[in-house]
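What you are looking at is a predicted structure, and each value in this text was computed from that prediction instead of being measured. No hydrogens, no waters, no symmetry mates; every other heavy atom, side chains included, goes into these values.
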Amino acid sequence: MSNLLLRGVRLVPLAPGETAPDEPVDVAVEHGVVTAVGPGLERPAGAEEIAGLGRWVVPGLWDQHAHLAQWTLTSQRLDLAAARTPEAATAMVAERVAEQPELPVIGWGHRAGVWDRDVTVSELDAVSGETPVVLISGDGHHAWLNTTALMHLALPVRDSVVRETEWFAVYPRLATLVGNDGTSPAAYRRMLETAAALGVVGLTDYEFSAGPMDWAERWHEGCDLLRVRVATYAEGLDDVLSAGLRTGDTLPDCDPRATMGALKIISDGSLNTRTAWCCQPYADAHRLEYPAGQPNLSGDELRELQTRAHAGGLEVATHAIGDAALAEALAAYAATGARGSIEHAQLVGRDDVRRMAELGIRASVQPAHLLDDRDLTTRIWPDRQERCFAFRWMLEDGVELALGSDAPVSPLDPWLAIAAAVHRTADEREPWHPEQALTPREALAASVDGQPMVGPGSRGDLVLLDADPLATRADDATTARALREMPVALTAVAGEVVHRGGSLV
């Protein structure tokens, strides 16, 4: 932890009732904590002094839901986001195989939910030959493999995609297919630097891996740039409990910036894969094996996991996208006394939102998903789209909001998330259900890990901005664009500068 002095910066109010001084002030950080705020402060011993020149200072931003290994790997994978049809995807695969026939093809980002038909392994085999091909959907909940890849990963040969729990179980074995999986400490460090340049000081890692046990070695090989909370899944729960790790504890062989997170439970599927568990059938239910989606766990299994985690001092982060999954998850929280979050909370009922507030369960939401899911939701949930991404309901009913990206499903960019929550569109169309929008102040407050306006006692996690994030602009679209393009001059973690922008002299 370091000492730091910011001269002449403007504070940004976040919580209700906060008022910022009219004039710039100095902010002193000692031993990683803000110790004083005011004009003409004395420089702490050994502190780096930086002239803020009237810039705006906010608490450091967090991404509360990311998959760091997958995010790191995405930069090296075949980008299928532009594939609007199965034929477009197979053409991209054929081109890559022709260019590099000796290398496996790992693709990412296609949105099969908007395609007009289901895909087959056979058509992928036809363009790939013996080259292994694994195409991971943009929601991460299914993968389209050719026969060579199915056999290599010891999966039963079939003519359809691999979904949900079967896919999650096999995902770690991808490293056996690609060799060097691109998640070296150096690769992680580059991505952490990318996050720091956006003002990110902390990440919650929900990667499918050994979780906290992976981070000690990585931490000491250059990946100690930002704060990180590391989750575990059911497969690693015994190891975490045996180690006596509780949510908030410092990870073994790390410093207090690396801490134990929650038990992550994936209780249902996704919209794109049409496996999110809903109270009513999908509009195209005739195409589906499970017309209303399905749970990944029984109610008893969900309660058993929550009970074990809660008894061991762990919070629980329960993935629930459909409204039936949300209701079941909340019933489990009520029955077990567990605490934590609902991850995604994409389709909700108003009574369920009120129940979240009563139970003190956070809504960990990813606003940029609404940009990607708008058209698909209109197609397959046309009768319930007004209940999707219901951020205003959540705030009105007293639910704590925590924004994230679900990277690489959406870009790891807190300003994109904030802008999406505020404007609810990123193109020329009108905002999608603007009655559920947040104000810039509310969205920013949901992005700083519960920190208030910078003041004595605050963490020394600070971000200097070249523009006022709460400024009133000509219209909502202009405000959203300004948020998406927010220039970050400096990012500091525990008083240590981890990013300096080009505008900082």
Revision key, fill the gap. Side chain to side chain donor-acceptor pair (under 3.5 Å) pairs touching residues 236-245, sequence neighbours excluded, are Asp238-Arg308
Point to revise | Short N-O contact, Arg392 and Glu442, less than 4.0 angstrom | key: yes
Review point. Checking side chain to side chain contact (heavy atoms under 4.5 Å, CB included) against Cys388, which of Val348, Thr378, Leu347 comes through?
Key: Leu347
Practice item. Using the salt bridge (charged side-chain N to carboxylate O under 4.0 Å, His left out) rule, collect all pairs that involve residues 323-336, keeping only residues at least two apart or in two chains. Key: Arg303-Glu328, Asp323-Arg387
Check your understanding: In this structure, are over 12 heavy atoms from other groups packed under 6.0 Å from Glu435 atom CD?
Key -> yes
**Study point:** Ring geometry between Trp115 and His110 (parallel below 30°, tilted from 30 to 60°, perpendicular above 60°)
**Key:** parallel
Check your understanding: Charged N to carboxylate O below 4.0 Å: is that the case for Arg362 and Glu315?
Key -> yes
Exercise for review: For Trp62 and Val448, work out which heavy atoms get closest and say how close.
Suggested key: CD1-C, 4.4 Å
Check your understanding: Taking 4.0 angstrom as the limit, do Arg274 and Asp284 come out as a salt bridge?
Key -> yes
Point to revise | Short N-O contact, Glu166 and Arg158, less than 4.0 angstrom | key: yes
Check your understanding: Can we say Asp449 and Arg229 salt-bridge, meaning some charged N sits less than 4.0 Å from an Asp/Glu carboxylate O?
Key -> yes
Check your understanding: Salt bridge check: are Arg354 and Glu358 linked by an N-O gap of less than 4.0 Å?
Key -> no
Practice item. For the residue pair His344 and His65, categorise the inter-ring angle as parallel (less than 30°), tilted (30 to 60°) or perpendicular (more than 60°). Key: tilted
Exercise for review: Check whether the side chains of Gln366 and Ser405 place a donor and an acceptor atom closer than 3.5 Å, and report yes or no.
Suggested key: no
